[in-house]
Amino acid sequence: EVQLQASGGGLVQAGGSLRLSCTYSGFSFVDYAIGWIRQAPGKEREVVSCIDNNDPEPYVADSVKERFTISSDNAKNTVYLQMNSLKYEDTAVYYCAADRLPLPGLACSSWVKDYDYWGRGTLVTVSS
């Protein structure tokens with residue numbers, strides 16, 4: 001059974017940092033990509049960043065480029081999202097999700113619809 005669990009959210013002042021963790025089980029990182037997807041109040045979900053076992057350059061959305069960094073620790077079955085220089089507009093529920101890659105060697109997707117398995121979100125609130 002595929003399971004993902006996001007943690008690490010909280011309340012932080014603008015300019016601060018948080019690190020989110022996504023612990024997963026039930027699948028191999030070789031066959032799946034993992035993404036961090038957020039949903040701000042009143043907005044659609046957005047893929048913030050994603051990582052896979054094939055592409056050395058993870059995807060990072062323009063809105064968070066140079067502020068957010070995604071990384072993985074395969075030994076711990078965990079993917080992290082380091083968020084620095086947080087802004088008020090980063091306030092959202094952050095989800096980690098897994099995308100079963102249709103073919104080996106494909107890169108992770110920046111499309112929300114491609115993610116098949118979702119964990120519960122973790123709330124990040126940035127105060128201005």
Side-chain angles (χ1 to χ4, degrees):
E1 181 185 5
V2 173
Q3 292 187 328
L4 302 104
Q5 179 63 55
S7 61
L11 174 64
V12 63
Q13 287 189 331
S17 298
L18 280 176
R19 188 177 78 158
L20 306 183
S21 299
C22 173
T23 303
Y24 60 89
S25 62
F27 64 91
S28 169
F29 193 54
V30 173
D31 301 316
Y32 286 73
I34 294 177
W36 282 101
I37 298 158
R38 70 182 180 186
Q39 186 164 25
K43 294 189 177 181
E44 294 188 352
R45 292 184 178 183
E46 169 194 23
V47 177
V48 172
S49 187
C50 65
I51 192 168
D52 56 77
N53 203 43
N54 307 303
D55 191 342
E57 293 289 333
Y59 167 79
V60 182
D62 288 342
S63 56
V64 302
K65 199 157 286 185
E66 298 185 6
R67 299 189 297 122
F68 289 12
T69 303
I70 193 170
S71 62
S72 66
D73 184 337
N74 293 355
K76 295 183 177 180
N77 282 10
T78 301
V79 171
Y80 302 99
L81 185 69
Q82 178 66 44
M83 307 187 294
N84 298 330
S85 303
L86 283 161
K87 303 177 180 180
Y88 174 76
E89 50 265 39
D90 294 321
T91 295
V93 177
Y94 285 72
Y95 301 88
C96 62
D99 169 21
R100 192 180 194 288
L101 300 173
L103 290 171
L106 288 181
C108 64
S109 174
S110 62
W111 295 94
V112 173
K113 64 178 178 61
D114 289 336
Y115 287 84
D116 307 298
Y117 301 95
W118 293 71
R120 290 186 177 180
T122 185
L123 176 63
V124 173
T125 304
V126 184
S127 62
S128 57

Check side chain to side chain contact (heavy atoms under 4.5 Å, CB included) between Arg100 and all other residues, then give those that pass, not counting sequence neighbours.
-> Tyr32, Asp116
Residue from Val79, Val60, Ile51 passing side chain to side chain contact (heavy atoms under 4.5 Å, CB included) with Trp36 | Val79
Closest non-hydrogen atom pair between Asp62 and Lys65, with its separation = OD1-NZ, 3.2 Å
Report yes or no: does Thr125 contribute a side-chain atom to a donor-acceptor pair with the main-chain N or O of Leu11 at less than 3.5 Å?
-> no
Under 6.0 Å from the NZ atom of Lys43, do we count more than 12 heavy atoms belonging to anything else shown?
-> no
Set of residues satisfying side-chain hydrogen bond (donor to acceptor under 3.5 Å, both in side chains) with respect to Glu89, sequence neighbours excluded | none
Return the set of residues passing side chain to side chain contact (heavy atoms under 4.5 Å, CB included) with Lys113 (not counting sequence neighbours), or none when no residue passes.
-> Trp111
In the hydrophobic cluster built from side-chain contacts under 4.5 Å, what are the other members alongside Tyr80?
-> none
Output the distance between atom OH (Tyr117) and atom CD (Gln3), rounded to the nearest 0.5 Å.
-> 12.0 Å
Heavy atoms of Ser109 and Cys50 approach each other most closely as O-SG, 3.5 Å
Closest approach of Asp52 and Cys108, non-hydrogen atoms and distance?
-> OD2-N, 2.7 Å
For Pro58 and Ile70, which heavy atoms make the closest approach, and how far apart are they?
-> CB-CG2, 3.4 Å
Hydrophobic cluster mates of Tyr115, side-chain heavy atoms under 4.5 angstrom, ILVMFWY only, any path?
-> Ile37, Val47, Tyr59, Val93, Tyr95, Val112, Trp118, Leu123
Expected list for residues 16-29: side-chain donor-acceptor pairs under 3.5 angstrom, two or more places apart:
from, atom 1, to, atom 2, distance (Å)
Ser17, OG, Asn84, OD1, 3.0
Ser28, OG, Val30, N, 3.1

Between CG on residue Asp31 and CG on residue Asp99, distance to nearest 0.5 Å = 11.5 Å
Closest heavy-atom pair, Ser63 versus Arg38, reported as atoms and distance to 0.1 Å, is OG-NH2, 3.6 Å
One should read off an interatomic distance between Ile34 CD1 and Leu81 CG, to the nearest 0.5 angstrom, of 12.5 Å
Closest heavy-atom pair, Arg67 versus Asp90, reported as atoms and distance to 0.1 Å, is NH1-OD2, 2.7 Å
